[in-house]
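Take a look at the structure below.
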Amino acid sequence: SSCCFSDAGGESAAAAAPMDWFALARRATVKWILETRGCFGFCHRTAYLAIAYFDRFCLRRCIDRSVMPWAARLLAVACVSLAAKMEEYRAPALSEFRAGVGDDGYEFSCVCIRRMELLVLSTLDWRMAAVTPFDYLPCLSSRLRRHVGGGGGAG
Amino acid sequence: MDGEEAPPGALNLADYAPAGARTVDCFRRIRKIGEGTYGEVFEAMDIITGERAALKKIKLDDGKEGFPRQILREIKLLKKLDHENIIRLKEIVVSPGTAHGAGGSDDYMYRGDIYMVFEYMDHDLKKVLHHSTPSQVKYYMEQLLKGLHYCHVNNVLHRDIKGANLLISGGGKLLKLADFGLARPFTRDGSFTNHVITLWYRPPELLLGATNYAEAVDIWSVGCIFAEFLLRKPLFPGRTEQEQLSKIFELCGFPNEENWPGVSKLPLYKTIRPTTPTKRRLRDIFHNFDSHAVDLIDRMLILNPTERISAHDALCAAYFITKM
């Protein structure tokens with residue numbers, strides 16, 4: 001019951017177990033998000049946030065397996081778009097998500113993406129700021145530097 | 001694409017707020033109280049609790065942008081800021097989802113509205129800016145600086161401090177900063193747009209094209225408001241950016257490398273020239289007022305942003321320590 005991607009019946013017994021197809025869908029999504037990050041030149045934090053939104057969304061809502069895999073892709077587009085708006089100096093227009101990224105031919109209208117954005121926002125209760133490991137990097141790296149510098153005796 | 005795929009119209013996410021989420025139907029609309037960049041503001045009453053609230057409707061255009069970035073950032077900041085002198089965002093509600101047309105194909109053409117629900121405040125500061133008693137002024141200024149200090153400690157610049165964005169309630173007892181639509185988090189080396197802050201309250205560094213600025217931009221605006229309280233009219237009512245600068249220089253003197261190191265490197269410095277050699281004579285126009293108040297205004301309206309007083313130091317100024 002904790003799995004919110006529902007496997008709408010009728011599948012043969014040989015079909016993958018629910019957790020398996022969710023794991024596959026998630027892996028494909030993460031891959032797509034990371035590639036998209038590279039295409040747009042976003043910082044890593046943006047990709048991390050987008051994946052976090054995706055995971056939190058999946059914990060709270062059911063997506064029927066019959067609308068996979070495109071629903072997962074639409075969700076991923078909305079998550080990346082929101083994360084970019086939160087983090088990036090310039091966020092791409094929704095139409096830019098159509099061309100270039102991925103070669104599997106998914107094309108969502110702007111209205112459709114925005115609709116999904118709203119669904120993500122309300123599902124996550126509008127809590128879009130998140131602490132990521134990247135927030136600790138400057139602190140850790142400065143400590144490391146001090147440590148290395150303080151070592152003194154090297155060389 | 002495999003056969004499992006369904007057309008977008010069949011997206012199994014018909015309602016776009018989670019089941020059980022509150023919608024705008026939980027409120028009874030009382031009256032329209034204002035108009036913002038992104039839509040109207042209404043006074044409304046929570047039907048269940050009877051509590052009054054201000055509902056800011058966010059217009060969603062047919063946009064290429066999707067959900068507006070500015071609103072997203074405003075929500076993020078408001079969720080982070082929790083202080084008695086900062087407006088509280090209580091919740092966000094949507095208008096209930098009714099799909100347009102029975103035809104399945106335009107099911108997803110749904111155009112919902114989003115409402116930000118704020119605590120209700122009686123009126124804005126603009127209304128009392130030109131007729132407040134000295135003790136009220138001190139009370140407002142203290143709360144304004146407390147709210148702003150809290151923002152600055154949390155690395156948030158407000159960037160649009162003006163009468164209309166400062167809200168008053170409790171019979172003039174309580175002031176809160178509102179409208180964080182232009183606010184943003186800052187870092188020490190950040191570079192921003194310089195097209196912020198309403199002209200009359202805009203500091204010289206922005207008018208000169210600086211894109212690397214800090215808390216001091218808000219303090220300038222506070223200084224202008226403080227002065228307006230005493231004078232009962234705007235201090236620098238410029239109509240153009242050019243005129244705004246000349247009005248500032250007329251009272252605060254002309255900036256040069258001596259009183260503001262680095263000013264000559266600002267993008268628009270070369271476009272300005274002193275009409276007459278001007279000396280700072282800001283204090284002259286306040287000769288009949290409380291000297292502690294004038295001292296503080298004088299330190300808020302220093303041309304060089306790095307020398308301008310901070311919100312914290314302003315709160316420690318003699319003006320707030322002396323009793324009326």
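Chain A is the first sequence line, chain B the second, and so forth, proteins listed ahead of strands; every chain is numbered from 1. Side chains are part of it too, since the values below use all heavy atoms of this structure and drop only hydrogens, waters and symmetry mates. All figures in this text were calculated on a predicted structure; none of them were measured in a lab.
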I need the B/E65 CD to A/I113 CD1 distance, nearest 0.5 Å. 13.0 Å
Verify, without hydrogens or angle tests, whether B/R69 (side chain) and A/M86 (backbone) share a donor-acceptor contact under 3.5 angstrom. no
Can you establish whether the number of heavy atoms outside B/D82 located under 6.0 Å from its atom CG is more than 12? no
Do you know which of B/L72, B/I92, B/I75 has the most heavy-atom pairs with chain A at a distance under 4.5 angstrom? B/I92
Side chain / backbone / both / neither for A/A78 at chain B, heavy atoms under 4.5 Å: neither
For B/F67, check ring-ring contact (aromatic ring centres under 6.0 Å, His included) against everything at least two apart and list the hits. A/W126
Examine whether an atom of A/E88 lies under 4.5 Å from a heavy atom of chain B, and if so say whether it belongs to the side chain, the backbone or both; otherwise answer neither. backbone
With sequence neighbours excluded, residues passing ring-ring contact (aromatic ring centres under 6.0 Å, His included) with A/H44: none
Answer with side chain, backbone, both or neither: which region of A/L82 has an atom nearer than 4.5 Å to a non-hydrogen atom of chain B? both
Output the distance between atom CE (A/M128) and atom NZ (B/K79), rounded to the nearest 0.5 Å. 10.5 Å
